[in-house]
Amino acid sequence: MNSIILQLENIRKEFSRRIIFDKIDLMLKNGNSLAITGINGSGKSTLVKIIAGILSPTRGALTLSVNGLELKIERYHNHVGFVAPYIHMYDEFSAYENLKFFARIRGLTFDKQYVDYLLDRVVLYDRRNDAVRTYSSGMKQRLKYAFALLHKPEVLIFDEPRANLDRHGIATVYEIMEEHKPDGILILATNDQEDLSYAETILNLDELRMAKVGVKKEQINVVAK
Ligand SMILES: Nc1ncnc2c1ncn2[C@@H]1O[C@H](COP(=O)(O)OP(=O)(O)OP(=O)(O)O)[C@@H](O)[C@H]1O
Ligand SMILES: [Mg+2]
């Protein structure tokens with residue numbers, strides 16, 4: 001796997017002048033895992049969108065370096081696999097067509113064997129030619145994992161990883177996390193205690209709220225071991 005460093009410096013996000021979080025410093029590299037936790041509305045999804053390069057921070061710097069080269073934000077998606085409730089696939093297309101389409105826009109050659117392996121892993125192989133609109137919500141969630149892994153990214157970001165999944169689906173997601181952790185960067189946004197146990201470092205955004213009323217900045221620096 002490529003060597004990767006993800007760094008956030010002094011990140012602040014405001015929506016309509018309302019500060020969601022401020023002064024977030026974060027450094028993650030190969031083998032690091034981080035869980036972002038906090039009450040509903042504390043900014044978990046906002047922060048992972050910023051990390052994934054799909055939302056701009058109001059202030060601060062975000063850098064992603066691969067093998068020592070700093071990437072432009074437009075290229076982040078080549079190195080990030082993202083699963084979240086607000087990510088959607090093309091409903092009228094089948095799983096297969098969606099995966100083919102995404103392989104093409106990501107500039108990948110369509111590796112049928114790998115795609116079949118991914119679909120089998122998320123137990124959708126038999127439904128691969130059905131339109132996504134005919135899927136149950138758990139099946140759609142499973143398909144998102146096949147998408148996230150398609151380009152073998154160094155950074156995996158899962159926002160509410162268990163959403164709609166049954167026990168078997170959750171177990172598969174935990175296996176994916178465990179396989180990724182030794183070499184990649186894993187970031188979770190969750191309030192689930194079991195999910196939290198999969199990350200070596202926990203960033204609690206509720207404490208950041210406290211930071212605004214006087215907790216020392218040292219307490220909000222997250223530098224994973
Ligand atoms: N596009 C937006 N415009 C205005 N405010 C927004 C927008 N997106 C999020 N917010 C606000 O930012 C805050 C953080 O929202 P966010 O979705 O990041 O929270 P969260 O921690 O993921 O919550 P949950 O646990 O419910 O998923 C909330 O107050 C929300 O209302
Ligand atoms: Mg959220």
Side-chain angles (χ1 to χ4, degrees), residues 6-28 32-64 73-74 76-77 80-89 136-145 147-149 153 155-166 169-170 173-174 176-177 180 185-215 217 219-222 224:
L6 171 71
Q7 194 157 13
L8 275 72
E9 289 170 278
N10 204 19
I11 292 282
R12 170 185 180 119
K13 184 64 185 174
E14 296 171 14
F15 284 114
S16 321
R17 296 219 176 140
R18 200 154 40 85
I19 299 170
I20 308 302
F21 44 69
D22 194 15
K23 296 184 179 142
I24 295 197
D25 290 319
L26 199 63
M27 220 251 286
L28 300 170
N32 289 153
S33 51
L34 171 75
I36 302 162
T37 189
I39 57 169
N40 297 144
S42 59
K44 301 179 293 299
S45 298
T46 302
L47 183 55
V48 292
K49 286 178 197 168
I50 290 173
I51 294 172
I54 58 178
L55 187 70
S56 303
T58 308
R59 185 188 293 173
L62 170 73
T63 48
L64 184 67
I73 205 144
E74 307 87 73
Y76 279 21
H77 64 265
V80 175
F82 198 33
V83 173
Y86 39 85
I87 299 280
H88 297 288
M89 285 146 299
S136 72
S137 42
M139 288 166 68
K140 286 182 186 169
Q141 178 73 359
R142 284 162 181 256
L143 182 56
K144 290 179 189 178
Y145 284 95
F147 272 87
L149 298 173
V155 184
L156 285 180
I157 304 178
F158 299 158
D159 190 352
E160 297 181 23
R162 306 160 67 110
N164 299 310
L165 292 178
D166 60 21
I170 292 167
V173 170
Y174 286 154
I176 291 169
M177 291 182 192
H180 189 74
I185 293 176
L186 175 69
I187 300 172
L188 310 174
T190 183
N191 277 317
D192 181 273
Q193 286 304 317
E194 196 178 2
D195 291 355
L196 291 177
S197 71
Y198 280 78
E200 61 174 351
T201 309
I202 294 178
L203 169 61
N204 187 333
L205 291 179
D206 301 337
E207 288 163 16
L208 283 181
R209 280 174 185 266
M210 288 160 49
K212 276 186 264 169
V213 290
V215 174
K217 186 166 176 276
Q219 287 177 250
I220 57 174
N221 285 354
V222 178

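Both ligands and their constituent atoms are indexed starting at 1 by order of listing.
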S.K.: Applying a 4.0 Å heavy-atom criterion (strictly less than), which segment of Asn40 is in contact with ligand 1: side chain, backbone, both, or neither?
M.R.: both
S.K.: With a 3.5 Å distance limit and no angle check, can you tell me whether Ser33 reaches the backbone of Glu200 through a side-chain donor-acceptor pair?
M.R.: yes
S.K.: Any atoms of ligand 1 less than 4.0 Å from a non-hydrogen atom of Glu160? List them with their elements.
M.R.: 27 (O)
S.K.: Between the main-chain N or O of Asp159 and the side-chain N or O of Lys44, is there a donor-acceptor pair closer than 3.5 Å?
M.R.: no
S.K.: At a 4.0 Å threshold, what atoms of ligand 1 neighbour a non-hydrogen atom of Arg18?
M.R.: 29 (O)
S.K.: Polar-atom distance check: Asn191 versus ligand 1, any N or O pair below 3.5 Å?
M.R.: no
S.K.: Decide side-chain contact (heavy atoms from CB on, under 4.5 Å) for Ile87 and Phe147; before the verdict, give the C-alpha distance in whole Å, the side-chain angles of both, and the deciding distance to 0.1 Å.
M.R.: CA-CA 10 Å; Ile87 299 280; Phe147 272 87; over 6 Å; no
S.K.: When you look for heavy atoms under 4.0 Å from ligand 1, do you find them on the side chain of Asp159, its backbone, both, or neither?
M.R.: neither
S.K.: Go through ligand 1 atom by atom and flag the ones less than 4.0 Å from a non-hydrogen atom of Ile39.
M.R.: 21 (O)
S.K.: Is it true that a side-chain atom of Tyr198 and a backbone atom of Ala35 form a donor plus acceptor pair closer than 3.5 Å?
M.R.: no
S.K.: Examine all N, O or S atoms of Ser45, backbone included, and report whether one is under 2.8 Å from the Mg ion (ligand 2).
M.R.: yes
S.K.: Between the main-chain N or O of Leu64 and the side-chain N or O of Tyr76, is there a donor-acceptor pair closer than 3.5 Å?
M.R.: yes
S.K.: Answer yes if the side chains of Asn204 and Thr37 hold a donor-acceptor pair under 3.5 Å, and no otherwise.
M.R.: no
S.K.: Quick one: which of Gly38, Ala189, Pro85, Gly43 has a heavy atom closest to atom 19 (O) of ligand 1?
M.R.: Gly43
